[in-house]
Structure formats: structure tokens, C-alpha cells
Amino acid sequence: MNREQFLSQLEKLHIHLTDEQLHQFELYYQTLIHWNEKMNLTAITKKGEVFLKHFYDSLTIVREFPWSLAENFTVCDVGAGAGFPSIPLKIAFPHIQVSIVDSLNKRINFLEELVTTLKLTDVHLYHDRAEIFGQNPQHREKYDLVTARAVAKMSILSEFCLPLVKPGGYFIALKGASGEEELEEGKKAIMTLGGNISGVQSFILPFENSERTIIHIHKAKSTPKKYPRKPGVPTKNPL
């Protein structure tokens, strides 16, 4: 994916970047590749592939969410790794407030430098496990939107993410070809945690022609206080 293709595909999603925003994506790529020499952030390093499989792929979330949002709209990205999808979202929609939680401090260090390099504001970084973070009263049920990209299966991911969503808010998971199968297995967990499935969209990533699935869950009621369970339990014993 070259520059013109990136811009063209984003316009189909009704995302129109300024020169400054496009420059931020260029700096993002440069910073990612520089840090990737020191630690494993991504196996994808060719520029065109990063723009397609990381930047564009992250922004496809707008297929399942209306981005005509209030200035104080809050987004939490669970297990963001190298910042996907939250940093591309922040670049494209600079008015949103972003919180990122990741269990590996080295990735948080990378994200701290990235946020500084891109001159982003209203981005908060937390080194924590999702199970602990979700029980923290400062963050529990505080976010309008919680998102995650290919972190874990839906039954597990729902327990990481839904406790952070405020009632009436949304949880959106970005998945690959197995997304609908995972969703079927995770329906019980989603309902137990207070969510209702409100949308599922499968599409083909352009140029590469691989399948993607976006799962859109509405938080209908508060999550029972016992969730998320202690660290490690959701993974070992999914709902």
C-alpha cells in the first residue's frame, strides 16, 4: 500500500487526513521500525505492509462505529502492543481521549516515546494487567469505547474489556477470519458480563485479500463486581 492508496482507502471510510496527520503516520512508521530493532514489536516491517496491515487495518473500526463524537469521548485500548488500534485512531480523530493498558513495560516505554514524537495530547499509558486494571475504580466502567485487536479469544477478551465499558458504551474487537467462530463461543461470556452483540461485519482487507471481522458489542448493563477475575483465571478458565 503506497501513500495514494492509503489515502484513497481511508476516504472510502470517510476519513480525510491533513498533511500533518499523514506526517504523523510517517513518523509512527519510522519510530516503530527504530524500536523494532531493539525489541519485538511487529514481524511486519515493510512500509507498505505496515500502512496496510497495521495503520489502515486499525482504522477499519469506523465500519462499525460512528465517529461523529463529542470532544470528551473516551477510548481504552486493552493490550495495545505497538499502539494498534488506538494510536492510528488518535491520529485520525485527535479530539478523542485515549487510554492504553499493556502488561509489558517495554511496550509502554515505546508508546511513551511515540506519543512524544507524534506530539499527541490526551493519551494516557498504563503498565498493568487487564484483570487488575478492570477492577480499579478509577477505570472500571469509565470508558465510552473499549477496543482490542487480536489479543485473545472473545470469551477471554470480553472479560478483559467489558468491565471497563460504561453502561451504554461499546466494546469493539478487531478480529481475523475466525472472528465469527470466536463470537459464537463467547456469547455466554458477553451476556454474563453485561453485553449485547449489536453488529458483526466481515470484509476483505484490500490488496492482501485476507479476511477481517469487526465485532460490535453494546454494554447493556453493569458487569457483576466479581469480574474480571484474578490474573490468569480468565485465560485458564474462560467463561
Side-chain angles (χ1 to χ4, degrees), residues 24-25 27-45 50 53-55 57-59 61 74-93 96-165 169-176 193 215 227-236 238:
Q24 286 176 308
F25 277 111
L27 287 177
Y28 194 167
Y29 171 72
Q30 294 170 16
T31 307
L32 176 67
I33 297 306
H34 172 71
W35 272 74
N36 206 53
E37 295 175 356
K38 301 184 287 184
M39 59 180 291
N40 182 26
L41 289 167
T42 177
I44 301 168
T45 56
V50 170
K53 297 178 183 179
H54 285 325
F55 298 163
D57 188 44
S58 292
L59 292 170
I61 193 174
T74 54
V75 178
C76 183
D77 189 357
V78 175
F84 309 122
S86 52
I87 298 298
L89 282 172
K90 177 63 178 177
I91 294 172
F93 305 97
I96 64 175
Q97 298 180 27
V98 171
S99 293
I100 297 174
V101 56
D102 197 277
S103 61
L104 188 62
N105 197 45
K106 287 182 179 180
R107 287 195 288 258
I108 295 295
N109 291 338
F110 159 73
L111 291 168
E112 286 176 345
E113 179 169 315
L114 180 66
V115 167
T116 299
T117 300
L118 302 184
K119 299 179 180 179
L120 301 177
T121 58
D122 291 322
V123 178
H124 309 282
L125 307 172
Y126 301 95
H127 173 222
D128 206 348
R129 292 191 60 140
E131 301 98 321
I132 298 173
F133 195 74
Q135 287 289 2
N136 186 329
Q138 292 184 332
H139 300 284
R140 184 178 179 85
E141 298 196 327
K142 299 297 185 184
Y143 295 95
D144 297 303
L145 171 66
V146 177
T147 185
R149 180 173 177 258
V151 174
K153 290 186 176 182
M154 281 301 297
S155 55
I156 300 168
L157 198 57
S158 297
E159 190 167 350
F160 290 165
C161 295
L162 275 169
L164 296 166
V165 183
Y170 301 90
F171 163 41
I172 297 184
L174 303 182
K175 290 289 185 177
L193 297 160
I215 300 170
Y227 301 111
R229 292 167 291 172
K230 293 180 180 180
V233 175
T235 302
K236 293 177 182 178

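All values below come from the heavy atoms of this structure, side chains included, with hydrogens, waters and symmetry mates left out.
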- Should the ring pair F133 and Y143 be called parallel, tilted or perpendicular, given that the plane angle runs from 0 to 90° and is split at 30 and 60? parallel
Roughly how far, to the nearest 0.5 Å, is [atom2] of [Y] from [atom1] of [X]?
X: I96; Y: L145; atom1: CD1; atom2: CG; value: 8.0 Å
X: F55; Y: I87; atom1: CZ; atom2: CD1; value: 10.5 Å
X: N109; Y: L125; atom1: CG; atom2: CG; value: 9.5 Å
X: C161; Y: D77; atom1: SG; atom2: CG; value: 8.5 Å
X: F171; Y: M154; atom1: CZ; atom2: CE; value: 4.5 Å
X: H34; Y: F110; atom1: NE2; atom2: CZ; value: 10.0 Å

- Sub-4.5 Å side-chain heavy-atom contact between L118 and K90: no
- Query: Would you call I61 and R149 a side-chain contact if the rule is heavy atoms closer than 4.5 Å?
  - Reply: no
Report yes or no: does [X] contribute a side-chain atom to a donor-acceptor pair with the main-chain N or O of [Y] at less than 3.5 Å?
X: Q135; Y: R140; result: no
X: H124; Y: V98; result: no
X: Y29; Y: T45; result: yes
X: Q97; Y: D122; result: no

- Task: Kindly determine whether L111 and V123 satisfy side chain to side chain contact (heavy atoms under 4.5 Å, CB included), including the steps that lead there.
- Result: CA-CA 10 Å; L111 291 168; V123 178; over 6 Å; no
Which pair of non-hydrogen atoms, one from [X] and one from [Y], has the smallest distance, and what is that distance?
X: A82; Y: L32; result: CB-CD1, 3.8 Å
X: L164; Y: V146; result: CB-CG2, 3.8 Å
X: R129; Y: S103; result: CG-CB, 4.4 Å
X: S86; Y: I100; result: OG-CD1, 3.3 Å
X: D102; Y: G81; result: OD2-N, 3.0 Å
X: W35; Y: E113; result: NE1-OE2, 3.0 Å

- Query: For the ring pair Y28 and H54, is the centre-to-centre distance below 6.0 Å?
  - Reply: no
- Derivation and outcome, side chain to side chain donor-acceptor pair (under 3.5 Å), residues D144 and T74: CA-CA 5 Å; D144 297 303; T74 54; 3.0 Å; yes
- Message: K230 vs E131, test: side chain to side chain contact (heavy atoms under 4.5 Å, CB included). Steps then yes/no.
- Response: CA-CA 6 Å; K230 293 180 180 180; E131 301 98 321; over 6 Å; no
- Task: Please check if atom NZ in K38 has more than 12 non-hydrogen atoms from other residues, nucleotides or ligands closer than 6.0 Å.
- Result: yes
- So H139 and V101, side chain to side chain contact (heavy atoms under 4.5 Å, CB included) or not? Walk me through it. CA-CA 11 Å; H139 300 284; V101 56; over 6 Å; no
- Query: For E159 and V233, what are the C-alpha separation, side-chain angles and deciding distance, and is it a side chain to side chain contact (heavy atoms under 4.5 Å, CB included)?
  - Reply: CA-CA 10 Å; E159 190 167 350; V233 175; 5.8 Å; no
